[in-house]
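Accompanying notes for the structure given below.
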Amino acid sequence: MLGRIVVVGASAAGLTAAETLRRRGYDGELTLIGDEQPHPPYDRPPLSKQVLAGTWEPERAFLRRHEELARLGAGLRLGRAATALDLTSCQVRLDDGDRIGFDAMIIATGVTPRRLPGSDLAGVFVLRTLDDALALRTALLAGPRVVVVGGGFLGTEVAAAARGMGLEVTVAEPQPVPVRALGDPIGALVAALHHDYGTRMRCGVPVRRLHNAGGRVTGVELADGTMLAAEVVVLAVGAAPATRWLAGSGLPLGNGIECDSCCRAAPGIFAAGDVASWYNPRFGTQMRLEHRMNATEQAIAAAGNLLGDHRPFAPVPYFWTDQYDTRIQAYGIFPADAELKVLSGDPADLRFVVAYGRHGAVAGLLGWNAARELRELRPLVAEQVPWTAVTATAGLGAPAAR
Amino acid sequence: MKVTVDQKKCVASGQCVLSAPGVFDQRDEDAIVVLLQPSPPDGLSEEIKQAAALCPALAITVED
């Protein structure tokens, strides 16, 4: 009989897991542990968009009102980090020395931003937490020259927000195009978008090192010797699953917590959100997603499986990014060797849907300013329609000049 | 039950339309949420709660 459940991580996935347990009728002890203080649980996507740009007050990103958290009937241990897990005695240890026993657990500790060697300097920022976003915003308000290291989703969003504040912004990306995970043609369109708004894209050359004067960053030196002067440098070079506290616990750790198709890492131990790697039977592959919607969907699935659903978690992954006036949304997966076909609209008009084909079926769909069309085409990914059954409506060449 | 949507928070993911197609729709021009039924029948309550839970922008509020 389950009488004590502990959820480690109090962001989107952890909070959703706790709420799902209650909604599904679990009325035993419930403890929610989160290491971020002093903020209540908050949402992350707005951090690199509205909060950074200053169009939202931080409170608007809070996930729940105070009364809603109280209604959960959970012991909230906010501002406390879990430091060790003992699966023999079924206890989790906190950074204040406290030990909490459990019968089952859901782990949703997220990810930690990667840094670069020699980047512990004033003026160098990462963006993961609300405090990170507020500190970066304060620095941007001083009117600095900005270099964003890393042209993935986070880096390009931060660049767009900073450029929107009227700042001189350069993105340094070692790959030939930004957001290369979506393929070179889409990456080239994203580069062109930034160019149109006056953000400089320095792609194809890695960063050699950061320069500083008296411990304050002064610029970024690229491998070809180019010096990009900057008063603010934002590191957006990916993130690592927050699993250090699980070292020696016996849980399978690899690229995150390695779970089965039901998000289960060990008997009674489940994982959800950015930290969880699991086998997605729909795509026949192990995956780990740092997407907002997956945090919710996987938390619902993991909590259900903890309560005995035995239901494999087989979602169609979804994510979106907003940059300047452009909204990019996508379903599915985007293998590097995928073939691309435009299925709706035309890239030349900057409103289109493109499909990604792999192993003879549609594996992914991406919409560029085409939310409705994309949603209507979603069954092509969900049902993995044969690649030969979809017909290209336009080419995917270079975008027309605007 | 009473449903409200915040069009300023909406990010046009369309998850609500996938969950509860008779209750939510998306605007033609920018795919922002449109509420078709502010007081939907109780029979749709599961679909609507799922839409609210899955909304990646937290733009849907449901009151019993």
Side-chain angles (χ1 to χ4, degrees), chain A residues 12-13 15-17 19-20 23-24 41-46 49-50 55-56 60-65 68 291-301 303-304 315-322 325-331 351 353 365 367 369-379 382, chain B:
Chain A
L15 186 58
T16 301
E19 288 177 338
T20 303
R23 203 173 62 235
R24 295 280 306 267
Y42 58 85
D43 204 16
R44 294 189 199 280
K49 307 177 183 77
Q50 297 92 335
T55 53
W56 282 18
R60 205 161 166 203
F62 290 170
L63 285 167
R64 300 291 183 268
R65 295 191 303 270
E68 291 172 307
H291 299 161
R292 175 62 182 85
M293 211 174 73
N294 187 62
T296 305
E297 282 191 291
Q298 194 167 21
I300 292 171
V316 176
Y318 166 82
F319 72 87
W320 85 99
T321 176
D322 296 334
D325 62 345
T326 294
R327 174 161 282 158
I328 301 167
Q329 300 166 303
Y331 286 112
R351 179 168 181 157
V353 177
L365 279 178
N369 287 328
R372 247 194 109 104
E373 298 90 323
L374 177 72
R375 195 243 308 156
E376 285 160 3
L377 292 168
R378 181 180 180 276
Chain B
M1 81 188 328
K2 190 168 176 297
V3 182
T4 48
V5 296
D6 185 342
Q7 292 183 323
K8 290 204 172 78
K9 273 193 152 183
C10 175
V11 295
S13 77
Q15 294 306 315
C16 52
V17 186
L18 294 169
S19 298
V23 179
F24 305 97
D25 198 1
Q26 290 176 279
R27 289 200 298 231
D28 279 333
E29 64 273 25
D30 56 8
I32 293 300
V33 63
V34 177
L35 186 60
L36 301 176
Q37 296 194 62
S39 305
D42 286 349
L44 292 173
S45 123
E46 275 313 300
E47 289 89 335
I48 292 164
K49 281 181 182 164
Q50 171 163 320
L54 288 185
C55 174
L58 309 171
I60 301 170
T61 311
V62 182
E63 288 169 65
D64 280 316

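Keep in mind that this is a model prediction, so the values were computed, not measured. To find a chain, count down the sequence lines: A is the first, B the second, and so on, and within it residues start at 1.
The shortest heavy-atom contact between A/Y318 and B/P56 is CE2-CG, 4.4 Å. Here the shortest heavy-atom pairing between A/R351 and B/D28 reads NH2-O, 3.8 Å. Annotation for B/A12 and A/Q329: closest pair O-NE2, 2.6 Å, computed over non-hydrogen atoms.
A/R327 is listed as a side-chain neighbour of B/V11, based on a closest heavy-atom distance under 4.5 Å. Between A/E376 and B/V17, the closest side-chain pair of non-hydrogen atoms is not below 4.5 Å. Taking 4.5 Å as the limit, some side-chain heavy atom of A/R60 sits within range of a side-chain heavy atom of B/K8.
Proximity of a side-chain donor or acceptor of A/R375 to a complementary backbone N or O of B/L18 within less than 3.5 Å is not detected.
Within the 4.5 angstrom heavy-atom criterion, only side-chain atoms of B/L58, from C-beta onward, approach chain A. In this structure, chain A has a heavy atom under 4.5 Å from the side chain of B/Q15, while its backbone stays farther away. With a 4.5 angstrom heavy-atom cutoff, A/R64 touches chain B only via side-chain atoms. Residue A/I300 touches chain B through its side chain alone, counting heavy-atom pairs closer than 4.5 Å.
One distance of note links CG of A/D325 with CG of B/D30; it measures 12.5 Å at 0.5 Å rounding.
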